[in-house]
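Computation of the quantities below employed the complete heavy-atom set of this structure, encompassing side-chain atoms and omitting hydrogens, waters and symmetry-equivalent molecules. Keep in mind it's a predicted model, so treat the numbers as computed, not measured. Sequence lines set the chain letters: A, B, ... in the order given, protein chains first and strands last, and positions in each chain run from 1.
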Amino acid sequence: MNIVVCLKQVPDTTDIKIDPQTNTLVRQGIKNIVNPFDTYALEEGVRVKERYGGRVTAISMGPAQAEEVLREAIATGADDAVLLSDGAFAGADTLATAYTLARAINKLEQYDVIICGRQTIDGDTGQVGPELAEMLKLSFVAYVSKIDEISNGYMRVKRMIEDGYEVMETPLPAVLTVVKEINVPRLPSLRGLTKAKSAVIPVWTAQELGVDNNMVGLSGSATRVIEIFFPQRVRCGEIFQGELESQVSRLVDKLREATIV
Amino acid sequence: MEYFLTEQQKTTKNLARRIAEERVLPVRAELDEKEEFPWAIMKDLADADMFRVFIPEEYEGLGGGCLDLCLVVEELSRVCSGVAISYAATALGCSSLLEYGTEEQKRKHLPDVASGGRLTAFALTEATAGSDVSAIRTTARREQGGYVLNGTKQFITNGGEAEIYTVIALTSPERGIRGASAFLVEKDTPGFTFGNKEKKMGLRASATRELIFRNCLIPEENIIGREGMGFVMAMRLLDRSRPGVGAQAVGLAQGALEATVDYARQRIQFGHPIISLQAVQLMLADMAIAVEAARLLVYSVAKTIDSGEKNFTEEAAMAKVFASDTAMKVTTDAVQIFGGAGYMRDYPVEKMMRDAKITQIYEGSNEALRTAIAFELRKRKARRE
Ligand SMILES: Cc1cc2nc3c(=O)[nH]c(=O)nc-3n(C[C@H](O)[C@H](O)[C@H](O)COP(=O)(O)OP(=O)(O)OC[C@H]3O[C@@H](n4cnc5c(N)ncnc54)[C@H](O)[C@@H]3O)c2cc1C
């Protein structure tokens with residue numbers, strides 16, 4: 001069983017600040033962490049390996065420092081890791097990201113299951129998983145909360161839906177996104193940390209992936225972020241004064257006006 | 001301060017802290033309240049390779065020593081001393097094998113301990129024999145094919161939870177303590193049962209039980225060391241484990257100090273945080289000084305032991321006595337600074353104060369250890385005269 005887990009390094013949003021002047025994220029002094037949802041993906045990958053044997057390869061696209069999340073992945077059970085890093089990848093939206101990841105996974109050749117987190121805590125779109133499946137022409141199951149069984153090229157999983165869950169079978173290889181209910185991620189181990197310290201993590205660039213430069217990074221993105229802003233809080237309370245009777249009738253008028261009553 | 005730790009030791013300490021904060025902290029009050037053995041946390045510690053820390057590499061450990069163990073115990077105890085002792089008791093329980101076991105015994109058992117698959121315990125104390133170890137009555141009669149154990153051990157940490165027990169019993173009762181030997185007894189051996197779990201003041205997450213042996217036959221190869229060596233071995237092993245109790249005490253005191261600084265910064269009386277009161281500041285400073293002194297004493301004895309030094313009995317006793325007295329004083333002062341709130345279970349310091357008391361009692365009461373230190377001082381002076 002060859003398992004690929006996709007991980008992203010994200011700013012720790014528990015202490016995020018937005019510069020009120022420029023309306024952009026204050027990156028200084030913000031800790032980078034593994035996208036929390038991806039830790040469940042990694043844990044599930046490691047558990048599948050423990051049950052069925054095989055290898056777990058962690059991949060991440062990001063700047064050079066994203067290597068940290070891959071080292072953490074190795075410390076927590078991944079066997080190998082690959083970093084996809086190139087100036088040309090910068091500014092990628094979900095489409096360009098999925099394209100880049102798909103090229104890398106194709107380059108790995110051997111894979112049976114690809115596991116992603118359900119979404120990132122910075123982008124929050126939840127699109128990369130399904131886009132990746134589409135580009136790899138693989139079947140896809142979102143919001144997986146349990147992997148019941150893998151046998152004979154099939155996998156049976158439970159996926160969360162709004163008012164319950166569905167049990168699905170999918171042929172392998174397949175792409176899954178997982179929810180946090182699926183497991184409790186383990187912490188790194190001492191042997192894992194030692195291994196992670198000395199692990200050689202290859203960096204694959206645009207050239208090595210043989211990508212079409214118009215499909216990666218900002219130029220490959222179908223969407224543009226035009227502005228990031230705090231929603232304006234418009235509060236205009238109105239205080240009625242005078243006789244209680246007249247206050248009540250004015251309130252009723254107002255509510256009618258607003259078609260609330 | 002980084003002390004003089006190696007890179008590996010820093011990694012170990014940091015990971016132990018992370019486990020303590022992420023896995024122990026959220027459940028410590030509940031474990032204390034329900035007196036529940038922390039199996040889930042033992043599993044986390046095992047997964048993180050923490051049981052490998054004190055086992056040599058030949059037996060699937062990471063080859064650390066006394067200091068490495070102390071660092072883990074300190075970090076766990078900073079959050080919950082009950083969890084810390086459940087872990088540390090395994091280090092003591094298998095130290096008999098590490099120090100005196102045959103190659104075969106080590107190969108058979110240590111890898112399972114290293115993986116965290118089997119906890120261990122150390123059983124010396126009996127109802128009649130606390131500080132006076134020579135009063136033990138449990139016997140191990142030699143018979144065809146092995147030894148038959150009879151007797152009851154009392155107050156045994158990890159009793160009932162551990163799989164492997166080091167038990168001190170008399171092979172030659174007529175020789176008194178010189179007739180004691182050490183044995184390895186596995187859980188589920190016929191004739192080996194447990195008493196009820198003790199209801200304790202502190203360390204309530206840890207399990208303390210009686211071990212009851214009724215015609216319990218164990219194979220001959222389960223003797224550790226030679227017949228008659230039991231007492232000397234037990235004393236040496238306790239010397240070696242005392243810095244661990246010191247580390248437990250240091251962690252506790254550190255946890256109490258940190259909680260107290262936090263509280264004193266928030267608690268407003270007379271219009272100001274109480275940390276601006278000089279009376280509180282002086283107490284906090286004294287707490288910090290004592291904790292740091294205790295830590296350095298524990299680390300330096302542990303490091304000395306790891307360097308291969310043979311004579312460390314007194315220093316190990318000093319580290320245990322000083323650190324445990326510090327933990328008692330610091331946790332008591334912590335409750336004092338918290339005021340009435342500190343007396344309530346809503347804050348962690350009342351638990352820390354309850355947990356601290358035992359560190360002055362077990363693995364040699366502080367009185368017994370002070371007596372032993374004074375005895376050595378006298379002996380040395382007499383020798384020179
Ligand atoms: C929570 C807990 C866990 C424990 N875990 C273990 C374990 O895993 N394995 C194990 O074998 N034992 C264990 N013990 C037993 C522990 O080591 C003993 O309780 C300790 O050695 C003291 O013995 P005692 O309780 O019989 O007290 P006693 O020996 O009766 O002491 C009573 C008082 O007399 C004083 N005293 C006695 N003798 C002297 C002396 N010579 N000089 C000066 N003062 C003296 C003591 O300091 C104390 O104040 C545990 C105990 C507890 C409470």
Side-chain angles (χ1 to χ4, degrees), chain A residues 3 5 7 9-10 12-15 31-51 53 56 58 67-79 117 121 180-201, chain B residues 5-27 38-65 67-73 75-76 79 83 87 91 111 113-117:
Chain A
I3 305 135
V5 177
L7 302 134
Q9 188 176 47
V10 295
D12 190 350
T13 50
T14 51
D15 53 21
K31 218 172 62 194
N32 286 317
I33 56 169
V34 183
N35 175 43
F37 291 110
D38 300 347
T39 62
Y40 303 97
L42 176 64
E43 175 66 27
E44 203 55 28
V46 175
R47 289 187 188 191
V48 168
K49 174 185 90 170
E50 285 169 351
R51 257 164 81 190
V56 175
E67 192 197 276
E68 291 163 17
V69 305
L70 295 174
R71 293 208 185 273
E72 172 119 4
I74 291 174
T76 19
D79 300 284
I121 56 166
K180 68 180 197 315
E181 288 74 10
I182 196 167
N183 57 43
V184 179
R186 73 194 68 189
L187 293 170
S189 67
L190 289 172
R191 288 184 303 177
L193 286 165
T194 306
K195 194 177 153 211
K197 209 175 282 174
S198 58
V200 180
I201 297 179
Chain B
L5 306 180
T6 62
E7 276 309 309
Q8 180 64 37
Q9 285 165 340
K10 281 182 211 159
T11 304
T12 304
K13 189 172 155 80
N14 289 339
L15 184 56
R17 174 167 295 211
R18 196 167 154 192
I19 296 170
E21 290 186 344
E22 291 184 25
R23 300 291 156 96
V24 184
L25 187 59
V27 294
W39 273 116
I41 295 166
M42 293 299 124
K43 168 102 176 40
D44 287 333
L45 292 169
D47 288 346
D49 295 330
M50 288 297 163
F51 289 100
R52 296 185 198 276
V53 160
F54 48 82
I55 307 262
E57 290 174 55
E58 306 91 278
Y59 311 108
E60 296 176 27
L62 292 169
L67 181 55
D68 306 69
L69 173 66
C70 283
L71 296 171
V72 180
V73 172
E75 288 301 334
L76 294 177
V79 171
V83 165
Y87 165 79
V113 178
S115 71

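Residue contact with chain B, scored on non-hydrogen atoms closer than 4.5 Å, is absent for A:Thr76. Of the two parts of A:Leu190, the backbone and the side chain both hold a non-hydrogen atom closer than 4.5 Å to a non-hydrogen atom of chain B.
Annotation: residues 37-50 of chain A contacts chain B through no residue [non-hydrogen atoms, separation under 4.5 Å]. Listed by sequence position, B:Leu15, B:Arg18, B:Ile19, B:Glu22 are the residues of residues 15-22 of chain B in contact with chain A, using a 4.5 angstrom heavy-atom cutoff. Of residues 44-52 of chain B, those residues with a non-hydrogen atom less than 4.5 Å from any non-hydrogen atom of chain A are, in numerical order, B:Asp47, B:Ala48, B:Asp49, B:Met50, B:Arg52.
Around atom NZ of A:Lys197, more than 12 heavy atoms belonging to other residues, nucleotides or ligands sit under 6.0 Å away. Within 6.0 Å of NZ in B:Lys10 there are more than 12 heavy atoms belonging to other residues, nucleotides or ligands.
Expressed to the nearest 0.5 Å, how far CD of B:Glu75 lies from OG1 of B:Thr12 amounts to 11.0 Å. Rounding to the nearest 0.5 Å places CD1 of A:Ile201 at 4.5 Å from CD of A:Glu67. Taken from CG in A:Asp79 to CD1 in A:Ile74, the straight-line distance is 8.5 Å, to the nearest 0.5 Å.
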- Message: For B:Ile41 and B:Leu76: C-alpha separation, side-chain torsions, deciding distance, then whether side chain to side chain contact (heavy atoms under 4.5 Å, CB included) applies.
- Response: CA-CA 11 Å; B:Ile41 295 166; B:Leu76 294 177; 5.7 Å; no
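Panel note: side chain B:Asn14, backbone B:Thr11; no donor-acceptor pair is recorded below 3.5 Å.
Looking only at side-chain heavy atoms (C-beta outward), B:Arg23 and A:Val184 come within less than 4.5 Å of each other. For the pair B:Val73/B:Tyr87, a side-chain contact is recorded, criterion being any heavy-atom separation below 4.5 Å from C-beta on.
Remark: A:Gln9 pairs with A:Asn32, A:Gln65, A:Ala66, A:Glu68, A:Val69 by the side-chain contact (heavy atoms from CB on, under 4.5 Å) rule, at least two apart or across chains.
Residues B:Leu62 and A:Arg191 come closest through the heavy atom pair CD2-CG, 3.6 Å. Minimum heavy-atom separation, A:Val10 to A:Val34: CG2-C, 4.3 Å.
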